[in-house]
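Structure first, commentary second.
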Amino acid sequence: MDFKSTLHLPDAEATIPMKANLPTLEPSIQQIWDSEAIYHKLQEARKDCPSYVLHDGPPYTNSPIHIGTAMNKILKDFVLKSRQMMGFRTPYVPGFDNHGLPIEQAVMKKFVEKKITPTIPELRQACRDHASEYLAIQRDQFKRLGIFGLWEKPYTTMDFRFEAEIVRVFRRLVEKGYVYKGLRPTLWSPTSRTALADTEIEYHDHVSKAIYVRFPLKSDPNQELAGLDNVYTVIWTTTPWTIPANLACAFHPEFNYDVVKVGNDHYIILQDLVAKVAEKVGWAEYTTVKTLEGINFDKIEFKHPIFDRSSLAVMADYVTTEDGTGVVHTAPSHGRDDFFTGQKYNLGVPNTVDERGVLTHEAGEFEGVFYKNCDTVVVERLQEVGALLSVSDYQHSYPYAERDGQPVIFRATEQWFLSLEHEGLRGRMLDSIQDVNWVPSQGQNRIEAMIRNRPDWCISRQRPWGVGIPVFYGRKSRVPVLDPVAIDAVANLVEAEGSDAWFIKEAADILPAGYVHPETGETEFDKETDVLDVWFDSGSTSLAVLEGNVYPEWKENWPADIYLEGSDQHRGWFNTSLILGQATRDGAPYNTVLTHGFVTDGEGRKMSKRLGNVVDPVKACADYGADVVRYWVAGTDYANDVPCSDPILKQFGESYRNIRNALRFLIGNLKGHTADSVETLLPIDQWFIEQADLLVTDCIDAYERFDFGTVMSSVHNFCRQQLSAFYADAVKDRMYCDAEDSAERRSGQQACYEVAEKLIKLIAPVLVHTAEESWLKMHETLGVKPTSVFFETFDAVSIDEIEGSELQQRFAAVIAAKQVVNSSFEPYKGTDGIKNSQDVVAKLAVDATEKQLLETFTADELANFFKVSWVELAEGEPAVTFVKSPYNECIRSRVRRPDVAEVEVDGEKVFLSARDRKVLDL
RNA sequence: GGGCUAAUAGCUCAGUUGGUUAGAGCACACCCCUGAUAAGGGUGAGGUCGCAGGUUCGAGUCCCGCUUGGCCCA
């Protein structure tokens with residue numbers, strides 16, 4: 001008789017295949033999601049539930065996604081899918097950031113190759129096309145990662161209606177009085193008369209005139225220098241043309257400065273640099289008369305060496321002990337540091353150089369001098385007034401414009417600003433920060449420091465690819481129109497024809513007929529040519545998306561529940577979104593901000609093409625599958641830097657297989673099972689389900705804390721320990737050998753079913769494809785019409801009655817005893833020809849309590865749990881001994897029990913256990 | 001140079017308020033099973049917790065310095 005055919009072995013057809021083949025499986029599952037419009041159905045299914053809104057930070061559309069972008073989107077998907085399965089409605093409108101310099105430069109490169117000089121509308125169209133191309137690529141790549149969202153209607157900052165909303169956000173700021181025009185230093189090419197971006201600069205060797213200049217002390221309110229005559233400080237600069245714009249001398253507050261006496265004069269110079277300066281300016285002898293910390297000079301005034309005005313002593317931490325004198329010439333119009341220091345001290349920004357590089361009337365007697373000629377004109381004048389201590393040629397690296405190879409300068413240009421001081425905006429933001437949940441909490445320090453120290457936001461850029469700043473100027477007066485009516489006219493145009501139209505149409509065609517300048521009464525206008533900083537675009541997204549004025553289907557409560565981005569966005573998106581949120585709606589646009597670190601290579605180093613250590617997420621999906629990539633994201637500590645490499649992905653692939661095979665086993669036992677077929681469960685089955693309940697409770701808690709690592713390691717450990725190492729071994733005999741319809745077998749099936757269901761749901765937010773595959777297959781096997789696992793909710797149960805229950809104690813005793821049996825058996829192996837624990841009887845001595853717990857099971861059950869032939873219990877010092885089993889092996893179930901007896905079947909004598917004889921009706 | 005942050009077995013991670021021989025999984029070695037089988041089980045070998053000081057009866061855990069990596073800024 002073929003006994004094997006009478007067993008109920010797992011049916012390979014009834015369960016998921018062992019080999020996942022994720023790279024081909026995943027697209028087929030995504031196909032189902034697409035055709036079923038899964039995202040929409042999920043929203044619909046939760047339409048009356050509380051919402052959990054994640055507002056997406058838009059990636060920039062100038063390249064395919066990289067592993068960092070992939071990780072970010074995957075983390076967002078974890079958050080949304082886990083909240084969805086907690087019962088929330090979780091809408092997700094993905095975003096894309098389209099305007100800005102990198103796209104413009106990529107497009108320009110193509111024009112240059114074709115030797116075409118595009119008009120602005122042509123250039124903008126090419127930028128739009130470029131952005132659209134990569135937007136489509138990125139969208140498909142994100143979908144390949146298994147990300148759910150409103151992919152057919154993402155928000156894109158170049159969408160006409162979105163651009164119009166950005167214009168309207170600008171209007172709201174104007175209405176509330178935050179917007180002003182001011183001067184700010186910009187990198188400027190005097191030869192091509194344009195502002196330049198940092199990326200358009202290259203550094204070359206350059207010879208400048210380096211000068212040491214003395215500034216006489218004018219007033220000394222602190223009396224730090226009382227009693228000293230002829231006191232000066234000394235600055236060093238390589239740009240003599242900026243001397244007319246000098247407004248301050250910067251000291252480092254913590255460094256020591258010496259006051260040295262040279263002849264009848266006293267000079268304040270950084271202690272470490274005195275000797276160097278003395279040599280440069282030719283002081284043969286000097287004596288130090290006093291030493292002061294930089295902070296002591298705060299608010300002291302010096303006199304400008306040429307003009308009759310003061311030069312304030314200010315504190316700055318960028319002062320170094322390397323070059324110059326330790327006292328930094330500060331001209332807010334001509335350097336970024338200088339400008340920010342100037343802002344802090346309210347120094348103003350003189351406009352001393354015009355667009356041609358020629359000094360203006362604000363430079364007084366130097367008006368009309370080309371900046372380079374100041375090397376002689378200004379230097380001679382300093383010499384005349386006795387302020388020049390030294391002049392020499394100085395070779396250093398200096399910025400040149402890439403486009404014409406000519407040197408560039410920093411010059412003050414008119415820019416649009418958003419004031420952080422208006423209506424106490426900065427303070428209100430600092431207050432709002434306190435109410436936001438920063439995860440991890442260090443994020444709060446970081447953004448607080450940045451908001452506290454950042455200057456007013458310069459929101460204008462002299463660039464073609466962006467949203468045009470909707471400001472008109474009176475043609476004659478040049479007075480800007482900051483009028484909501486005029487801005488709305490622009491918004492309406494942009495909504496209909498895009499921001500491109502702003503660059504094409506005349507002012508008269510945009511403004512309402514007969515529009516009159518509210519301040520000057522003029523009727524003829526010119527348009528602003530600057531565009532908004534791209535951070536203004538992205539800073540507006542919470543308003544544009546959540547307020548629902550652009551597309552009503554995006555509308556959700558403002559603020560969003562959560563923002564989730566890399567830690568670099570403290571300076572970027574979190575920062576600018578906060579400014580615009582606070583200015584327009586007096587609050588932060590987010591309740592929680594979750595940040596993650598950056599992806600590094602396996603050695604913890606930054607990924608770069610040069611080092612060749614880049615992991616491509618698209619290739620990783622093709623090699624390992626998106627679920628493995630997602631498992632990697634879940635399994636790493638995203639609060640810190642996250643290492644990624646082929647070996648690391650491979651490792652997660654191994655762990656993945658373990659979970660997969662556990663599910664495969666559970667589902668493989670479900671054939672013939674119906675969910676409501678079992679009323680009473682065997683103790684071990686009850687125990688197994690309860691263990692899964694404990695797991696579910698831990699995992700829900702971890703999901704709530706965004707701790708995906710704990711979810712996956714808990715699930716993995718459950719599959720290894722409770723499931724594979726214990727329950728699966730114990731349940732097999734029953735599943736395979738008992739009668740198909742026996743209560744025992746049905747009980748086991750019920751446990752397998754319930755636990756499979758719980759496990760699949762738990763892994764669903766992370767291993768999306770595997771969960772869906774398993775869910776569908778399981779229901780197919782059960783003969784139930786399958787729907788997506790994502791409609792389900794986690795099986796939250798109260799575990800109060802589980803923890804410490806008698807049942808749990810009984811099995812804790814079993815597992816503890818099993819461990820003792822295992823480790824004791826290891827050295828016994830090989831003796832007496834014994835290789836397998838099934839061939840021995842275990843004589844187990846345990847203490848009284850343990851014995852009592854173990855005795856609640858039959859010897860038959862214990863033998864099954866321990867995978868031995870038979871078990872004999874005794875009370876005593878804990879110990880295990882083994883003897884070779886005296887019992888025959890059942891040919892059908894392979895057990896070696898006392899009840900195995902010889903019977904004749906089909907004329908053949910075989911050994912069968914009592915249970916097997918019964919099942920076979922023998 | 002400044003701000004924020006990290007460093008625990010080959011790899012990915014746990015290690016509550018300082019307290020017995022520092023845990024788990026993956027990988028590895030040996031063994032078992034061959035009715036989860038390109039699976040599963042058992043056992044084991046891997047760590048002076050980045051380095052150097054300090055506080056303490058006692059430190060992976062607290063303090064100081066250094067080294068190395070990461071993000072942001074200069």
Side-chain angles (χ1 to χ4, degrees), chain A residues 3-5 7-12 15-19 252 316-322 336-337 340 440 442-450 452-454 566-572 575 595-607 631-632 634-637 639-645 647-669 707 709-710 712-717 719-721 723-726 728-729 731-733 735-737 818-819 821-827 829-830 834-839 867 892-894:
Chain A
F3 292 101
K4 186 165 176 174
S5 67
L7 299 170
H8 314 291
L9 298 176
D11 183 349
T15 189
I16 56 174
M18 177 174 294
K19 192 159 165 31
H252 195 294
D317 57 13
Y318 50 81
V319 175
T320 71
T321 58
E322 308 295 315
R336 278 180 193 147
D337 282 340
F340 294 140
Q442 302 91 298
Q444 184 171 344
N445 294 335
R446 204 160 159 173
I447 190 139
E448 232 181 272
M450 283 170 180
R452 185 165 283 131
N453 296 321
R454 69 159 293 157
S567 61
D568 56 333
Q569 297 305 330
H570 287 102
R571 169 155 290 269
N575 194 309
T595 52
H596 56 80
F598 278 69
V599 181
T600 65
D601 71 7
E603 269 72 55
R605 264 163 230 288
K606 190 212 292 247
M607 285 186 182
Y631 196 174
W632 160 73
T636 53
D637 175 19
N640 209 333
D641 295 323
V642 180
C644 185
S645 63
I648 290 173
L649 288 170
K650 206 168 181 178
Q651 179 192 325
F652 281 99
E654 294 296 332
S655 290
Y656 166 85
R657 282 163 50 174
N658 198 278
I659 294 176
R660 182 180 181 85
N661 280 310
L663 287 173
R664 173 178 150 85
F665 174 79
L666 294 177
I667 298 170
N669 281 315
D707 182 358
T710 292
M712 292 311 289
S713 69
S714 302
V715 167
H716 189 245
N717 278 327
C719 290
R720 293 278 288 104
Q721 283 154 23
L723 202 163
S724 285
F726 182 66
D729 270 342
V731 81
K732 277 176 192 168
D733 177 73
M735 297 308 296
Y736 301 168
C737 307
K818 177 163 181 172
Q819 278 165 3
V821 170
N822 281 344
S823 54
S824 306
F825 183 68
E826 198 67 17
K829 265 189 203 170
I834 299 295
K835 291 206 279 186
N836 187 339
S837 61
Q838 306 276 20
D839 296 329
K867 286 179 74 178
R892 182 165 177 273
S893 64
R894 295 175 181 169

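Source: prediction; values computed, not measured. Values below: all heavy atoms of this structure, side chains included; hydrogens, waters and symmetry mates excluded. The sequence lines fix the lettering, A, B, ..., with proteins before strands; numbering per chain opens at 1.
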What is the separation between atom CG on A:Asp839 and atom P on B:rC31, rounded to the nearest whole Å? 18 Å
Base-contact (B) and sugar-phosphate-only (S) positions in nucleotides 7-13 of chain B, heavy-atom cut-off under 4.0 Å, - elsewhere: ----BSS
B:rC33 P sits how many Å from A:Arg894 CZ, rounded? 11 Å
Distance (rounded to the nearest 0.5 Å) between A:Met735 CE and A:His8 NE2: 9.0 Å
Proximal nucleotide (of B:rG25, B:rA36, B:rA74) relative to the A:Asp337 side chain: B:rA74
Applying a 4.0 Å non-hydrogen cut-off, can you work out what A:Asn822 is touching in the nucleic acid: base, sugar-phosphate, or nothing? sugar-phosphate
So A:Gln721, base contact, sugar-phosphate only, or nothing? Heavy-atom distance under 4.0 Å. sugar-phosphate
Checking the side chain of A:Asn669 only, and the main-chain atoms of A:Phe665 only, is there a donor and an acceptor separated by less than 3.5 Å? yes
Using side chain to side chain contact (heavy atoms under 4.5 Å, CB included), reason through A:Ser567 and A:Gln442 one step at a time and then give a plain yes or no. CA-CA 10 Å; A:Ser567 61; A:Gln442 302 91 298; over 6 Å; no
Kindly say if A:Lys606 contacts the phosphate of B:rC71, meaning a side-chain N or O under 4.0 Å from OP1 or OP2. yes
With a 4.0 Å cutoff (strictly under), does any side-chain N or O of A:Lys19 reach OP1 or OP2 of B:rA38? no
Report yes or no: is there a donor-acceptor pair, N or O only, under 3.5 Å between the side chain of A:Thr710 and the base of B:rA14? no
Does some side-chain heavy atom of A:Phe340 sit less than 4.5 Å from a side-chain heavy atom of A:Asn453? no
Side chain to side chain contact (heavy atoms under 4.5 Å, CB included) evaluation trace for A:Lys818 with A:Asn822: CA-CA 6 Å; A:Lys818 177 163 181 172; A:Asn822 281 344; 3.9 Å; yes
If you look at every strand shown and take non-hydrogen atoms under 4.0 Å, does A:Ser824 touch a base, only sugar-phosphate, or nothing? nothing
Base, sugar-phosphate, or nothing for A:Ala728, non-hydrogen atoms under 4.0 angstrom? base
5'-most contact on RNA chain B (nearest-nucleotide basis), A:Gly597 vs A:Gly443, goes to A:Gly443
Is there a side chain to side chain contact (heavy atoms under 4.5 Å, CB included) between A:Leu9 and A:Lys4 once you walk through the steps? CA-CA 9 Å; A:Leu9 298 176; A:Lys4 186 165 176 174; 3.8 Å; yes
Is it true that A:Asp568 and A:Arg571 have a side-chain N and a carboxylate O under 4.0 angstrom from each other? no
P-based separation of B:rG25 from B:rU34 [nearest Å]: 25 Å
Is it the case that the base of B:rC73 and the side chain of A:Arg571 share a donor-acceptor contact (distance under 3.5 Å, atom types as modelled)? no
Calculate the interatomic distance between A:Lys867 atom NZ and B:rG35 atom C1'; express it in whole Å. 12 Å
Once you round it to whole Å, what is the distance between P of B:rA6 and CZ of A:Arg446? 12 Å
Take the protein atom CD of A:Glu603 and the nucleotide atom C1' of B:rG70, then report the distance between them rounded to whole Å. 15 Å
Is there a side-chain polar atom (N or O) of A:Lys829 under 4.0 Å from OP1 or OP2 of B:rC31? no
Non-hydrogen atoms of A:Ser893 and A:Asp733 that approach each other most closely: CB-OD1, 3.9 Å
It should be established whether A:Arg720 places a side-chain nitrogen or oxygen under 4.0 Å from OP1 or OP2 of nucleotide B:rC26. yes
I want to verify a distance call: between B:rC4, B:rG70, B:rA36, whose nearest atom is closest to the A:Arg664 side chain? B:rA36
Between the main-chain N or O of A:Pro17 and the side-chain N or O of A:Arg660, is there a donor-acceptor pair closer than 3.5 Å? yes
Is A:Gly604 touching bases, backbone alone, or none of the nucleic acid, heavy atoms closer than 4.0 Å? sugar-phosphate
Of the options B:rA24, B:rA38, B:rA74, whose atoms approach the side-chain atoms of A:Met18 most closely? B:rA38
Between A:Gln442 and B:rA6, does any side-chain N or O lie under 4.0 Å from OP1 or OP2? yes
Atom pair distance, as rounded to whole Å: CG in A:Asn453 and P in B:rA74: 12 Å
Hey, does A:Glu654 reach any base, or is it just sugar-phosphate, or nothing, if we go heavy atoms under 4.0 Å? sugar-phosphate
Residue A:Ser724, side-chain atoms from C-beta onward, closest of B:rG41, B:rC71, B:rG35: B:rG41
Looking at every heavy atom in both A:Pro643 and A:Thr636, which two are closest together, and how far apart are they? O-CG2, 4.4 Å
Atom pair CD/NE2 of A:Glu448 and A:His570 - distance to nearest 0.5 Å: 11.0 Å
Rounded to the nearest 0.5 Å, what separation is found between the NE2 atom of A:His596 and the CG atom of A:Asn640? 13.0 Å
Atom CE of A:Met450 and atom C1' of B:rA74: how far apart are they, to the nearest Å? 12 Å
Where RNA chain B forms runs of at least three Watson-Crick or G-U pairs (i with j, i+1 with j-1, under 3.5 Å), the stems are B:1-7 with B:67-73, B:10-13 with B:23-26, B:28-32 with B:40-44
Between A:Tyr318 (OH) and B:rC73 (P), how many Å, whole number? 18 Å
Could you give the distance from CH2 (A:Trp632) to OG (A:Ser645), rounded to the nearest 0.5 Å? 10.0 Å
Does A:Lys650 get its side chain close enough to the base of B:rA27, under 3.5 Å, for a donor-acceptor pair? no
Students often get this wrong, so: under 4.0 angstrom with heavy atoms, is A:Arg454 touching a base, only sugar-phosphate, or nothing? nothing
Answer yes or no: does a side-chain N or O of A:Asn658 lie under 4.0 Å from OP1 or OP2 of B:rG40? yes
Per the glycosidic torsion and the 90° limit around 0, nucleotide B:rG46 is syn
Of all the choices, B:rC4, B:rG25, B:rC71, which nucleotide is nearest to the side chain of A:Ser655 once you look at every atom? B:rG25
Can you figure out which of B:rA36, B:rU43, B:rC71 approaches the side chain of A:Ser823 most closely? B:rU43
With a 4.0 Å cutoff (strictly under), does any side-chain N or O of A:Tyr736 reach OP1 or OP2 of B:rA36? yes
I want to check one thing: is the phosphate of B:rG69, taken as OP1 and OP2, less than 4.0 Å away from some side-chain N or O of A:Arg605? yes
Which comes earlier along RNA chain B counting from the 5' end, the contact point of A:Asn836 or that of A:Leu663, where each point is its nearest nucleotide? A:Asn836
